[in-house]
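Have a look at the structure below before the remarks.
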Amino acid sequence: MNPEDLRPIEETLDPAGWTDMRALGHKMIDDMIDYLQGLRDKPVWQKPTDTSKEVLNRSLPQEGQAPEEVYQEFLSYILPYNKGNIHPRFFAWVQGNGTPLGMLADMLASGMNPNTTIGDHAAMYVEQQVIEWSKEMFGFPEDASGLLVSGATMANLTALTVARNSLSDLQVRNRGANDKLTVYCSAETHICVIKATEVLGIGSERTRIVPVTDTFQIDMAALIAMIKADIAAGFRPFCVVGNAGTVNTGAIDPLEEIYQVCKQFGLWFHIDGAFGSLAKLTPTFAEKLKTIEKADSLAFDFHKWLHVPYESACVLIRDKKLHQAAFSSVPNYLTAHERGLAAGPEPLTNYGIELSRSFKALKVWMSLKEHGIQKYGRLVQQNLDQARYLEQKVLQTANLELLVPVSMNIVCFRFNDGKHSEEALNQMNKEILMRLHESGIAVPSYTLIHGKYAIRTNITNHRTRQEDLDLLLSSIMDIADSLLIRIIDFDTTNPAHFSAFKFINYAWINKYFKVEQGDIDSLENPEKYFLETGGAVLLACRGDEVLGTTALKPMGENSLELCKMGVSDAALGLGIGYAIGEAAIKKAKDLGATRVYLETNSSLSPALNLYKKLGFSKVENFTSPYARADVAMEMYL
Ligand SMILES: *Cc1c(COP(=O)(O)O)cnc(C)c1O
């Protein structure tokens, strides 16, 4: 056969027109730089529209589209609905902002696109250097080892694998996990640590959850007692995980004490320092976090408090030999050569689970060089100072309650005007948070502190200014204000008051009884029936929304009848009945009455209880125009 006949029609993924691709690339960079520059004036978050969700739910494209069109779809349906963690007023969860140079570094790394695993090429040396710098940052010994991973989740998993596999007599790599192994961590530990122990075959049951003190730090006495009890019961404790900054409140476990316990019992000391370990760069925490230098392993993120774009984190292991022993296994196709590309540094597969790895080291390397570690330290300190500022403002603001003293960069508080049950407060603070998110002004998150719904403001943000924290609090107060129930007088110039008065009462009466003629007269003409006769109509409102009604109707000498007490279904359980009843009694006094009278039905026991609580007592003999009335009550003022 003539080899010429085998000539294929060759395709490639490279552009047909490089000039157009270059122009598109320039436009993308301009657009993204504009986007980052104008961030402060954009909403933190916007709900993805139905159109954008529909576009993102279409089936697999069979044929291609022009890159410009694809980019246009990105601009229309994706970019506007960003999560928002790059924004100066993003305070939810512990997440970093990223930086412009970090963004560009990601582009460069993808352009080079080296699979950073083995071989004699620059990416391997960049990663090595980043590991060396990380060891220096945390005071790990020169002969320690490390690896860049996607997040602290993978860093914790990697470290715990080394810890488990370091029990050489068990030969875990050959025989699988031993069912006597136990590991210890506080109840405030990040869930990814528990997941890691599950993945490692230790299991969540043998991951002993140690209670915390009232400052959310691990209870050392309990830890020691649990270790001793496990040893006595034939278990084999092998590791304690200490927290340098818990995700809920930023609490730091007593690391030095944990270290001593680990020494005493011969256990591996791992620290989850995902974000908090970076506080070691500040004067405030340098001393408190010094014990990190003595840990057997440390997990920390670059993508949180150092703002390198996602994903970038690191695991450091004190004993390089144990690190290698946990993962190295070099098959034929990966063995190093003396020269050529297959030479070079030790394959990174010897230090972790993943084989193919991105060149994430580049964005870390460029970021650390751009800013220098001193500036990162100052930025972490700035966030710590901002958390203190916010704490003080919460303490000084009437109707805000601090739920935990601030230990680092997380401030947990809630709206509490002292007039609501715990349940109502939880409901209200959740509503405040959802409205705040929907407003796009600021995005804190939430947690439960001893059962109390907390607005949790986490500050790991190099873009936040003091004015952003002021705006956060003033917005919360405004929203809370709009949520409070107010009792107001019926306004005859407001049509919404007429319709709400009718709607709520017809619904209320229909739910339990039948509408009678007297209802129709009074509900259709409240102004004639109650107001022009010297009585009153009161409404319970939240913002402009009417949630409850009641009315006072003159009856004989100095007496007023309390009637048309109704609460909309949506507002049950908010204590509106009591509030509006109390307001009606006060109103009756203002109108000069000495007695308030009412009729109701004995089947409505919550209503009877409410009236009793308000101070009414039963009247024995009465006649009523209403068929449903079988109980009458009165109260002397
Ligand atoms: C964020 C966090 C983790 C998980 O880290 P990822 O980077 O999200 O995988 C673990 N522990 C703590 C304390 C964290 O804050």
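In each ligand, atom 1 is the first atom listed, and ligand 1 is the first ligand listed.
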Considering heavy atoms of the protein only, find what lies nearest to [atom] and give residue, atom and distance to 0.1 Å.
atom: atom 12 (C) of ligand 1; value: A274 CB, 3.3 Å
atom: atom 5 (O) of ligand 1; value: A152 CB, 3.1 Å
atom: atom 11 (N) of ligand 1; value: D272 OD2, 2.6 Å

Checklist entry - Are the side chain of Q386 and the backbone N or O of T464 linked by a donor-acceptor pair below 3.5 Å? => result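 Yes.
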Would you call the rings of [X] and [Y] parallel, tilted or perpendicular if under 30° counts as parallel and over 60° as perpendicular?
X: F302; Y: F300; result: perpendicular
X: H323; Y: Y351; result: perpendicular
X: Y259; Y: F269; result: tilted

With a cut-off of 4.0 Å, which atoms of ligand 1 are near a heavy atom of [X]?
X: G151; value: 7 (O), 9 (O)
X: D301; value: 5 (O), 6 (P), 7 (O)
X: G245; value: 13 (C)
X: F275; value: 15 (O)
X: C192; value: 10 (C)

Checklist entry - Looking at F275 versus H190, is the centre-to-centre ring distance below 6.0 Å? => result no
Item to check | Value rounded to 0.5 Å, distance of CD1 in I258 from NE2 in H270 | outcome: 11.5 Å
Item to check | Short side-chain donor-acceptor distance under 3.5 Å, T284 and Q381 | outcome: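 On atom types as modelled, these side chains qualify, holding a pair under 3.5 Å.
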Under 4.0 Å, heavy atoms only, figure out whether ligand 1 is touched by the backbone of [X], its side chain, both or neither.
X: K304; answer: side chain
X: T153; answer: both
X: E311; answer: neither

Item to check | Atom CD of E467 with >12 non-hydrogen neighbours under 6.0 angstrom | outcome: yes
